[in-house]
Asks: 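Would you mind keeping the following structure in view while I ask a few things?
Basis for what follows: all heavy atoms, side chains included, without hydrogens, waters or symmetry-related copies. Every chain is numbered from 1 and lettered A, B, ... according to where its sequence line falls, protein lines coming before strand lines.
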Number of protein chains: 2
Amino acid sequence: MTGLTAKGAATRDRIVRAATELILERGVAGMTLDEIRDGTKTSKSQLFHYFPGGKSELVAAIAGYQNSQVMAAQEPWIDRLDSWRAWQGWRDAVITHYTGLTHKYCSVSALVNEVAPTDPELATQVIAYADRWLAQLATGLHRMRDTKLLRPEADPDRLALAVFASLQGGLLVMQSKNDIEPLAAALDGSLTMLRSYAP
Amino acid sequence: MTGLTAKGAATRDRIVRAATELILERGVAGMTLDEIRDGTKTSKSQLFHYFPGGKSELVAAIAGYQNSQVMAAQEPWIDRLDSWRAWQGWRDAVITHYTGLTHKYCSVSALVNEVAPTDPELATQVIAYADRWLAQLATGLHRMRDTKLLRPEADPDRLALAVFASLQGGLLVMQSKNDIEPLAAALDGSLTMLRSYAP
DNA sequence: TGCAAAGTGAACCGGCAAGTCCAGACTTCG
DNA sequence: CGAAGTCTGGACTTGCCGGTTCACTTTGCA
């Protein structure tokens with residue numbers, strides 16, 4: 001997206017923000033372009049002006065935006081999950097980030113579920129975010145095995161997968177119950193599981 | 001649904017089965033009544049004849065049907081999760097059930113995600129199934145604490161919540177990766193977590 | 001200052017999918 | 001048999017929503 005004036009950039013930004021708000025509350029199918037128009041003092045033509053690919057492109061932009069938010073919230077822990085202290089810090093950061101957002105569609109992966117059957121390309125994109133997230137967890141665990149914080153027979157990739165699944169499930173249940181507790185229980189359970197692989 | 005002749009019951013059944021097939025593959029939004037019609041040698045009027053509430057009622061019926069399938073697949077373990085042996089048996093039964101269904105929308109809870117914003121009543125219903133499932137896990141853990149298989153300070157309800165979240169997350173990731181491994185990793189992680197509460 | 005490019009508003013289109021209607025065919029049972 | 005109730009087909013209606021068009025204004029730069 002090049003050649004945007006200040007005014008244009010502002011409008012585009014307004015659209016993304018409003019659309020994000022809507023999509024978090026109502027899901028992809030529940031978000032209509034007309035609602036975005038109403039909520040942003042814009043018009044359809046502008047939507048397609050800034051997102052020529054239509055709804056798909058807009059949703060992709062939102063997913064990217066949300067992903068960066070979530071990843072940022074996990075800083076600085078997410079990059080250095082190579083000590084027990086870091087994992088605990090990470091857990092707290094995740095809880096903090098999602099506290100107060102319990103009623104929303106927070107989970108990137110949950111989007112896949114809705115989007116995959118009708119828009120495979122978009123799904124691929126979202127899955128890529130998830131994979132990067134998962135990879136960060138795995139990297140930390142690999143380092144921990146290397147530094148003998150995990151027993152040698154521990155399988156970092158599989159453990160990371162378990163933690164990630166647990167995290168996503170925690171988010172899912174959190175949303176349906178509108179309560180942070182399921183996420184907290186899931187993460188605490190994951191940490192307990194990991195610690196049982198300490199030498 | 002009373003006053004159904006044999007023929008009527010058969011038709012109704014045909015509709016539910018075909019609709020289940022479709023919804024598992026494409027999600028709620030991706031399933032259209034016309035497709036059901038095409039796939040079942042029926043017509044719209046019959047859909048509304050057997051499900052006067054329209055799509056919502058049909059989806060509710062499917063959810064109930066799916067739920068009973070999933071619960072049945074966990075027999076006999078799910079009713080007696082009060083020993084480590086039972087948990088292992090349960091884990092195997094779950095994996096077996098979902099193996100070969102990896103490309104589908106298996107998770108009941110995942111449906112909530114799609115349906116909740118637009119149909120709260122239906123969502124409530126689906127959540128009820130999930131709660132019953134969760135309760136069964138909790139019951140087993142309570143018994144295990146009572147019989148000293150878990151340390152007294154273990155919180156069965158919270159542990160059950162963690163296991164359940166992990167399970168749901170495993171299903172979610174399983175779908176997006178089209179691979180059973182995430183589910184297996186999630187369940188194995190959960191069992192490891194539980195076992196660390198053994199005395 | 002003027003013109004090309006960017007930005008904007010609103011009416012419009014087309015398709016899709018949920019839900020309706022009704023006429024007629026079967027089933028059941030007195 | 002025949003009437004009440006059940007089942008069926010398919011054409012029809014309705015409204016929503018993603019996407020298009022086009023005339024117009026604003027902006028920024030040579």
Asks: Check whether Glu114(A) reaches the backbone of Ala29(A) with its side chain - one donor and one acceptor, N or O, closer than 3.5 Å.
Replies: yes

Asks: Could you state the atom-to-atom distance from CG of Leu47(A) to P of dG7(C) in whole Å?
Replies: 14 Å

Asks: Could you state the CZ-C1' distance from Phe51(B) to dT6(D), rounded to the nearest angstrom?
Replies: 16 Å

Asks: With a 6.0 Å cut-off on the ring centroids, do Trp90(A) and Trp87(A) count as close?
Replies: yes

Asks: Taking the basic N atoms (NZ, or NE/NH1/NH2) and the acidic carboxylate oxygens, is any pair closer than 4.0 Å for Arg145(A) and Asp155(A)?
Replies: no

Asks: Could you write nucleotides 11-30 of chain C as a row of B, S and -, 5' to 3', where a protein heavy atom under 4.0 Å of any base atom gives B, of only sugar-phosphate atoms gives S, and otherwise -?
Replies: ------SBBBB----S----

Asks: So, does Lys148(A) use its side chain to make a donor-acceptor pair with the main chain of Pro199(A) at under 3.5 Å?
Replies: no

Asks: So, the side chain of Ser166(A) versus the backbone of Ala162(A): is there a donor-acceptor pair under 3.5 Å, distance only?
Replies: no

Asks: Ignoring backbone atoms, test whether Tyr50(B) places a side-chain nitrogen or oxygen under 4.0 Å from the OP1 or OP2 oxygen of dT8(D).
Replies: yes

Asks: Gln46(A) side chain N/O closer than 4.0 Å to the phosphate oxygens (OP1, OP2) of dT8(C)?
Replies: yes

Asks: Tell me: NZ of Lys41(B) to P of dC7(D), nearest whole Å?
Replies: 18 Å

Asks: Separation of Ile36(A) atom CD1 from dG19(D) atom P, in whole Å?
Replies: 11 Å

Asks: Please examine the side chains of Ile15(B) and Phe51(B), heavy atoms only from C-beta on, and report whether any two atoms are closer than 4.5 Å.
Replies: yes

Asks: Rounded to whole Å, please give me the gap between NE2 in His49(A) and P in dT26(D).
Replies: 16 Å

Asks: Whole angstrom is fine here: how far is it from CG in Leu22(A) over to C1' in dC17(D)?
Replies: 14 Å

